[in-house]
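Note that ligands are numbered from 1 as they come in the structure, with each ligand's atoms numbered from 1 the same way.
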Amino acid sequence: MKKKILLIHTGGTISMSENEQGEVSPGDKNPLSATPIITDPNLTIDSHELFNLPSPHMTPHHMWELSSFIDSQVAEKSYEGIVITHGTDTLEETAFFLDLTVQTKVPIVLTGAMRSSNEIGSDGPYNLLSSVKVAASSEAKNKGVLVVLNDEIHTAKNVTKTHTSNIATFQSPQYGPIGIVTKRGASFHHSPVAEDKYAIKDVTKKVMLLKAYAGMDSTIFSLLKNMGVDGVVIEALGQGNLPPTTMAGLKELTNANIPVVLVSRCFNGIVQDIYGYDGGGRQLKQLGIIFSNGLNGQKARIKLLVALEETKDSQELQRLFLR
Ligand SMILES: NC(=O)C[C@H](N)C(=O)O
């Protein structure tokens, strides 16, 4: 029996071409559909162009549309693996959104490219081929949503874009990749420890992401409270500390029951309530600020957007952010 794989195109450099002026942009026809890249006789490949967007144009609504599309296609047409092509700028956000919300258990792999389809050394077709190998592998099951580029297999939870142009841009700084791709297929050396799923019906909330810096004050927090946001994520300093001048604004947010989630602007480690000085983690914890577990800022924002569809209770949110 041939394995049925669905390719879903959403846009990004992998679907773009460069013109004579060196400008890279999407065209009317997806260059990936021009040549058959996957010729494995054991696979049946269907493809569908859901969007043709540069990934800075992706919104949580597009991500939700993609998530629902995957579940409905697997239910209706019994696909056994899904591969999604995506722009690399926000790929990690879509991957993590899908990791939290897609209900199907079949392998789901996201990929992209740093060089467009007609550039020398274009990495798109190769990454697509590698991703199909991973999606078709039975070992890829129960590992959550995966991101495959440059011969490496990463989890949606840990992967991040680390370089503006290098093809080795996707890395998992804390834990490394969980497998590699070779000519023979996918080879895994680690498994994720836990699954984190939410059966949401829509994405309706507004969550802002801020980065802390030396001398930060309360202005932005007061503005956010008055704008009526549903939640705020702060990339805090070090192990989870903020300048003391932010405390007044943070109190305004927590008094208004607006959840505030703390991550670190360091790209390794987790935040904890260690420091007892003004603005230190212990005061932040006492204020009811939610501490995250090693997610980066953009992914903690995605998780808060999703989790807020289930609860606004800060203790419950804190429990969810420890997963
Ligand atoms: N390499 C890429 O795909 C980057 C592009 N700006 C995008 O995310 O759509």
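Transitive grouping of hydrophobic side chains (ILVMFWY, heavy atoms separated by less than 4.5 Å) brings M216 and V229 into a common cluster. Hydrophobic clustering places L317 together with I200 (ILVMFWY residues linked when any side-chain heavy atoms are closer than 4.5 Å, directly or through intermediates).
Residues S138 and K3 share a closest heavy-atom pair of N-NZ, 3.9 Å.
Close contacts between ligand 1 and G12 involve ligand atoms 9 (O) [criterion: under 4.0 Å to a heavy atom]. Those atoms of ligand 1 with a heavy atom of A113 less than 4.0 angstrom away are 1 (N), 2 (C), 3 (O).
In terms of protein heavy-atom proximity, atom 6 (N) of ligand 1 is nearest to D89 OD2, 2.8 Å. In this structure, atom 9 (O) of ligand 1 lies nearest to the protein heavy atom S55 N, 2.8 Å.
Of the candidates T13, L53, T85, it is T13 that places a heavy atom closest to atom 5 (C) of ligand 1.
Look at D196 and R323 and you find a salt bridge, because one of the NZ, NE, NH1 or NH2 atoms lies within 4.0 Å of a carboxylate O, short of that distance.
The N/O atoms of K161, backbone and side chain alike, include none that comes under 3.5 Å of an N/O atom in ligand 1.
Both tests do not hold together for K157 against F96: distance to the six-membered ring centre under 6.0 Å, angle to the ring axis within 45°.
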